[in-house]
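Scroll down for the structure; my scribbles are underneath it.
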There are 2 protein chains.
Amino acid sequence: MFAVKSGALVSGGYILVVDDEPAICDMIQTCLELAGFKVRLSANGALAHQMIINDRPDLVILDWMMPMMSGLELTRRLKREDATADLPVIMLTARTEEDDRINGLESGADDYISKPFSPRELVARVRAVLRRTNALVDDVPLTVGQLSLDRSAQTAAIAGQAISLGPLEYRLLEFFVLHQNRVFSRGQLLDRVWGGNVYVDERTVDVHIRRLRKALAPEQQDEMIQTVRGAGYRFSPVDSSAKES
Amino acid sequence: MFAVKSGALVSGGYILVVDDEPAICDMIQTCLELAGFKVRLSANGALAHQMIINDRPDLVILDWMMPMMSGLELTRRLKREDATADLPVIMLTARTEEDDRINGLESGADDYISKPFSPRELVARVRAVLRRTNALVDDVPLTVGQLSLDRSAQTAAIAGQAISLGPLEYRLLEFFVLHQNRVFSRGQLLDRVWGGNVYVDERTVDVHIRRLRKALAPEQQDEMIQTVRGAGYRFSPVDSSAKES
DNA sequence: GCTAATTGTGACACTTTTGTGAAGTTGATG
DNA sequence: CATCAACTTCACAAAAGTGTCACAATTAGC
């Protein structure tokens with residue numbers, strides 16, 4: 001379970017904000033702290049570099065335009081040095097300029113926000129990136145309850161017992177595990193699991209859901225995958241639904 | 001990809017354009033409809049205010065300079081009134097004046113466009129904001145007192161205990177939570193929750209209200225949903241004191 | 001208090017959505 | 001070319017959600 005919903009960071013680490021404009025820094029710090037994150041500031045690129053190497057913050061928010069060392073330069077250096085390979089970075093770009101955006105993303109930033117931005121947007125982006133990367137960090141043991149996935153091997157196991165899944169079933173399961181407690185329509189699943197422009201009967205999803213359920217059923221409590229009538233499906237392992245009639 | 005790419009709104013809602021210049025309205029409407037959005041216009045700030053409260057459009061495009069009620073004033077009022085509002089707003093500013101921009105953003109606008117603008121820019125901005133806020137929906141837990149809704153999971157819980165609701169019950173509850181302390185006639189509820197042109201006995205609403213109440217009853221003090229005789233129903237979590245004929 | 005109107009309640013039937021098994025299709029592999 | 005595995009489609013069964021009704025309970029007006 002990721003503590004992301006409440007805003008707290010899993011590792012108890014902090015978010016590093018690298019920007020030389022005090023006003024922006026202030027605003028970001030306030031927003032993020034209100035949202036429950038720990039924040040540290042740095043106005044100096046080189047210094048930030050040190051902090052990153054030493055502390056390994058959970059996330060870096062980086063201004064693209066800075067006097068000493070540009071944000072772009074910094075991300076490039078970080079990605080190159082590789083020690084911080086999977087450090088999530090959000091870039092602050094000056095304005096909605098295509099060029100900046102592209103550069104930022106190419107140099108390894110995970111997301112970008114163009115100034116000016118709303119506090120809500122900031123927090124949303126931060127959460128989104130953390131959610132993504134938290135899920136990705138532990139590339140090997142992706143586990144929830146009795147269920148564990150091995151992403152590199154594309155296999156799943158329940159209580160240590162490997163279960164056999166077709167490729168599609170596996171991807172479906174992985175997608176669900178990465179997006180727990182959310183309802184996805186059949187269309188969305190076709191988009192994101194099947195992979196885009198497919199002309200496939202939406203009912204096909206049902207069939208694969210069924211297979212997945214069948215594979216998951218023997219051990220764990222049944223209702224890992226719940227049907228949301230008229231809407232789609234939802235994966236939530238700790239199901240604690242109150243029954244009444 | 002999601003339906004956003006094609007321009008369609010997830011919720012089937014529409015974009016509200018508030019501007020008093022017919023030429024601008026026309027241009028915006030044309031552009032957006034070409035891009036596949038549903039659009040509605042309003043030249044009057046106060047009227048727009050009503051539409052927003054009642055319909056909850058997916059996005060509001062707001063002229064900052066308007067005779068009756070300035071765009072700025074309107075956004076301020078909106079943000080202040082409805083604590084649960086998370087309505088994306090794009091401001092149209094007269095020209096690129098720093099002041100306007102800052103005011104717009106401080107008052108909660110998510111983006112601004114300065115006139116004159118190109119159709120392409122307009123559509124791009126609209127898409128950007130919608131994409132952002134679509135992601136936002138999941139992160140904002142909709143909660144009131146002991147009750148909390150998770151819109152992305154389409155679930156409700158009281159004091160952490162999940163309660164089971166049918167699709168219609170859930171939608172009804174969500175609608176009520178989004179529009180607290182307002183009385184809705186059965187007809188209005190049929191329009192908004194059932195989704196428009198349905199030929200259904202109005203008494204049906206009663207039945208579903210009852211089911212909802214039943215699901216909500218066990219824990220929280222009863223009268224979350226109050227009956228307003230001769231008028232309809234009202235959701236108001238805390239108080240239940242003031243009675244009026 | 002009485003009557004008329006309005007709302008609450010439970011049961012039941014109807015409709016839509018989903019589950020299920022098997023047959024058909026596709027594409028890769030030897 | 002045959003075979004196999006994975007995926008899709010289809011038809012039918014099952015389930016869940018929803019609408020309607022008859023009747024009980026409540027409220028308002030007189």
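Letters A, B, ... are given to chains in the order of the sequence lines, protein chains preceding strands, and every chain is numbered from 1.
With hydrogens and angles ignored, the 3.5 Å screen pairs no side-chain donor or acceptor of A:Arg229 with any backbone N or O of B:Pro167.
In this model, the phosphate group of C:dT7 is approached by a side-chain N or O of B:Arg186 to a distance below 4.0 Å at OP1 or OP2. In this structure, B:Thr227 does not reach the C:dT6 phosphate: none of its side-chain N or O atoms is under 4.0 Å from OP1 or OP2. Phosphate proximity of C:dT17 to A:Arg203: absent, as no side-chain N or O sits under 4.0 Å from OP1 or OP2.
A straight line from CG of B:Leu212 to P of C:dG8 spans 13 Å, rounded to a whole angstrom. Rounded to a whole Å, the CG atom of A:Leu168 is 13 Å from the C1' atom of D:dA5. Rounded to a whole Å, the CG atom of A:Asp201 is 16 Å from the P atom of C:dT25. Whole-Å rounding puts the A:Lys214 NZ to C:dA22 C1' distance at 11 Å. Between the CD atom of B:Glu202 and the P atom of D:dT20 there is a distance of 11 Å, given to the nearest Å. The distance between atom CD1 of B:Ile209 and atom P of D:dT20, rounded to the nearest whole Å, is 16 Å. The CH2 atom of B:Trp194 sits 17 Å away from the C1' atom of C:dT16 (whole-angstrom rounding). Atoms OH (B:Tyr199) and P (D:dT20) sit 13 Å apart, rounded to a whole Å.
Rounding to the nearest 0.5 Å places CD1 of B:Ile209 at 11.5 Å from CD of B:Gln226.
Among the heavy atoms of the strands lying under 4.0 Å from B:His208 are primed sugar atoms or P, OP1, OP2 only; no base atom is included. Counting non-hydrogen atoms under 4.0 angstrom, A:Glu169 reaches the backbone sugars and phosphates but no base. If you check every strand for non-hydrogen atoms under 4.0 Å, B:Tyr233 touches sugar and phosphate atoms only.
When the nucleotides C:dT6, D:dC21, D:dC10 are ranked by their closest atom to the side chain of B:Arg229, C:dT6 comes out on top. Nearest nucleotide to the B:Val207 side chain, out of C:dG8, D:dT8, C:dG10: C:dG10. Candidate nucleotides D:dG19, D:dT8, D:dG17 were compared by shortest atom distance to the side chain of A:Thr204, and D:dT8 ranks first.
Under 3.5 Å, the side chains of B:Ser148 and B:Asp150 contain no donor-acceptor pair of N or O atoms.
Under the 30°/60° scheme for interplanar angles, the aromatic rings of B:His208 and B:Trp194 are found to stand perpendicular.
Remark: the B:Arg211 side chain and the D:dG19 base include a donor-acceptor N/O pair separated by less than 3.5 Å.
Nearer to the 5' terminus of DNA chain C, by closest-nucleotide assignment, is the contact made by B:Asp206 (compared with the other of B:Arg210 and B:Asp206).
Between B:Ser42 and B:Leu16, the closest heavy-atom pair is CB-CD1, 4.3 Å.
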